[in-house]
There are 2 protein chains.
Amino acid sequence: MSLRYALLGIISKKPITGYDVVRIFKQQMIYFWNSTHSQIYTELHKMENDNLIEHELVIQGTSPNKKVYSLTDSGKKDLIRWAIEEPLKTTKIKDEFLIKATIFPILTVNEINKLLDEVIEREEKILSMTKDWKEHFSSQEGQDVGTMLTVEYGIRYSEMYLEWCKWAKQYFNEIK
Amino acid sequence: MSLRYALLGIISKKPITGYDVVRIFKQQMIYFWNSTHSQIYTELHKMENDNLIEHELVIQGTSPNKKVYSLTDSGKKDLIRWAIEEPLKTTKIKDEFLIKATIFPILTVNEINKLLDEVIEREEKILSMTKDWKEHFSSQEGQDVGTMLTVEYGIRYSEMYLEWCKWAKQYFNEIK
DNA sequence: CGCGCCATGTAAGCAGTTACATGATTCC
DNA sequence: GGAATCATGTAACTGCTTACATGGCGCG
């Protein structure tokens, strides 16, 4: 059910297509939620059926037609109700790399370094993507505080992750 | 499939029951994986069927009988193969609180503070649990480096989270 | 001429959650 | 007497992923 509220949250900011929602998930929400287009389109249908959102069909000559979704009154009410009333569910993280880290003792230093370098590269890419998004976002007018908060969170998360990786690298290369 | 490797990783350290695996998930792995007893028992059966693990039945007089699982040779091979060969899947995080944070602009300062306090309390509990575990773990002999790494990761994660929360609180209470 | 982007959708299968189920022992 | 701990399991359901499906436009 939380996907529903993630979607309501996004749509509450401004009317948007499913396609653009997918992009937001991939670019701005990787630090706290994830989903795929198939799940998102399906959920949007259900939400419209439950009268939380409604769409306007925009016919574009050149590119394909699109559905621009916006909140209904009952959608907005439900979003706020959820935010202030529903108890928080525990955070769930699936991070394969940290599973690999638990078995470092049965790997060689070479293998460990390779894995750490791989994850450092990945995280640096994510961090620079987030920083780019922050730049882009800061230059706009009427900035959304909610977005600002989570962008800042993402940067702190990635920086923490990278510092931990460097600390781990140092550990394995000092003792050797 | 990753749950399988999380389980292999745990069992690789020392033979263990499904029941104790559940406890490890809840106490030491919340920062990077999660599962429930029903999923774990089911997966252990499948893994035994695939000849990755085997069990010894321990009959206890007073408490219920238990199955102590250990890796087979093919299980250990597969675990290492996975660690060094399989490409990393992207980290997946489901953090409801950060969804709520995105809609702070449509909430009142009171409501925001209440939510932040709630999550600070939660995270402080987790952090102190992790620190306790670190203490307990450091006092043992033959400490496992993999565990040490992820404990350290958890502490850094929680501290980052709390610092971000305090920063957000300050932001909302300064502008008011 | 092929790839990526725009834009939406369905179907099948796998992963994960919640509920149901049992039963003895220990602690308050 | 009730709750928590030990210890395991199955069933039903919901959530999520991967694959299938379509088709025009712009860029190199």
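In what follows, chains are A, B, ... by sequence order, proteins preceding strands, each numbered from 1.
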Please check the phosphate of [N] (OP1 and OP2 only) for any side-chain N or O of [X] closer than 4.0 Å.
{"X": "A:Gln60", "N": "C:dC6", "result": "no"}
{"X": "B:Tyr41", "N": "D:dT8", "result": "yes"}
{"X": "B:Asn34", "N": "C:dT17", "result": "yes"}
{"X": "A:Arg23", "N": "C:dC6", "result": "yes"}
{"X": "A:Tyr19", "N": "C:dT8", "result": "no"}

Protein-nucleotide distance ([X], atom [atom1]; [N], atom [atom2]), rounded to Å:
{"X": "B:Leu7", "N": "C:dG16", "atom1": "CG", "atom2": "C1'", "answer": "13 Å"}
{"X": "A:Leu3", "N": "C:dA15", "atom1": "CG", "atom2": "C1'", "answer": "16 Å"}
{"X": "A:Phe25", "N": "D:dT17", "atom1": "CZ", "atom2": "C1'", "answer": "15 Å"}
{"X": "A:Lys26", "N": "D:dT17", "atom1": "NZ", "atom2": "P", "answer": "12 Å"}
{"X": "A:Ile24", "N": "C:dC6", "atom1": "CD1", "atom2": "P", "answer": "13 Å"}
{"X": "B:Asn65", "N": "D:dT5", "atom1": "CG", "atom2": "P", "answer": "21 Å"}
{"X": "A:Ile16", "N": "C:dC6", "atom1": "CD1", "atom2": "C1'", "answer": "14 Å"}
{"X": "A:Leu57", "N": "C:dT8", "atom1": "CG", "atom2": "P", "answer": "9 Å"}

What contact category does [X] fall into here, base, sugar-phosphate, or nothing, at under 4.0 angstrom with non-hydrogen atoms?
{"X": "A:Lys46", "result": "nothing"}
{"X": "B:Lys94", "result": "sugar-phosphate"}
{"X": "B:Arg4", "result": "nothing"}

Looking only at side-chain atoms of [X], point me to the closest of [options].
{"X": "A:His45", "options": "D:dG9, D:dT17, C:dT10", "answer": "C:dT10"}
{"X": "B:Thr36", "options": "C:dA7, C:dT18, D:dG15", "answer": "C:dT18"}
{"X": "A:Lys66", "options": "C:dA15, C:dA7, C:dT10", "answer": "C:dA7"}
{"X": "B:Lys67", "options": "D:dG9, C:dA15, D:dT18", "answer": "D:dG9"}
{"X": "B:Tyr69", "options": "D:dG9, C:dC6, C:dA15", "answer": "D:dG9"}

Donor-acceptor pair under 3.5 Å, [X] side chain vs [N] base:
{"X": "A:Thr42", "N": "C:dT10", "result": "no"}
{"X": "A:His37", "N": "C:dG9", "result": "yes"}
{"X": "A:Thr17", "N": "C:dT8", "result": "no"}

Given that A:Val68 and B:Glu43 both sit by DNA chain C, which one's nearest nucleotide is further toward the 5' end? A:Val68

Testing B:Asp20, B:Leu44, B:Leu52 one by one against B:Tyr69 for a side-chain contact (heavy atoms from CB on, under 4.5 Å), which residue passes? B:Leu44

For B:Lys169, look at atom NZ and say whether over 12 heavy atoms of other residues, nucleotides or ligands are found less than 6.0 Å away. yes

CD/A:Glu56: more than 12 non-hydrogen atoms of other groups inside 6.0 Å: no

Want to settle it: does B:Lys89 or A:Met1 sit nearer the 5' end of DNA chain D, counting the closest nucleotide to each? A:Met1

Walking DNA chain D from its 5' end, the first of B:Ser63 and B:Gln39 to be reached, judged by nearest nucleotide, is B:Ser63

Donor-acceptor check, side chain of A:Ser158 to backbone of A:Ile155, threshold 3.5 angstrom: yes or no? no

Would you say B:Lys89's side chain and A:Lys94's backbone share a donor-acceptor pair under 3.5 angstrom? no

Hphob cluster co-occupancy, A:Leu7 + A:Tyr19, side-chain heavy atoms under 4.5 angstrom: no

Between A:Trp167 and A:Trp164, what is the ring plane arrangement, given parallel below 30°, perpendicular above 60°, and tilted in between? tilted

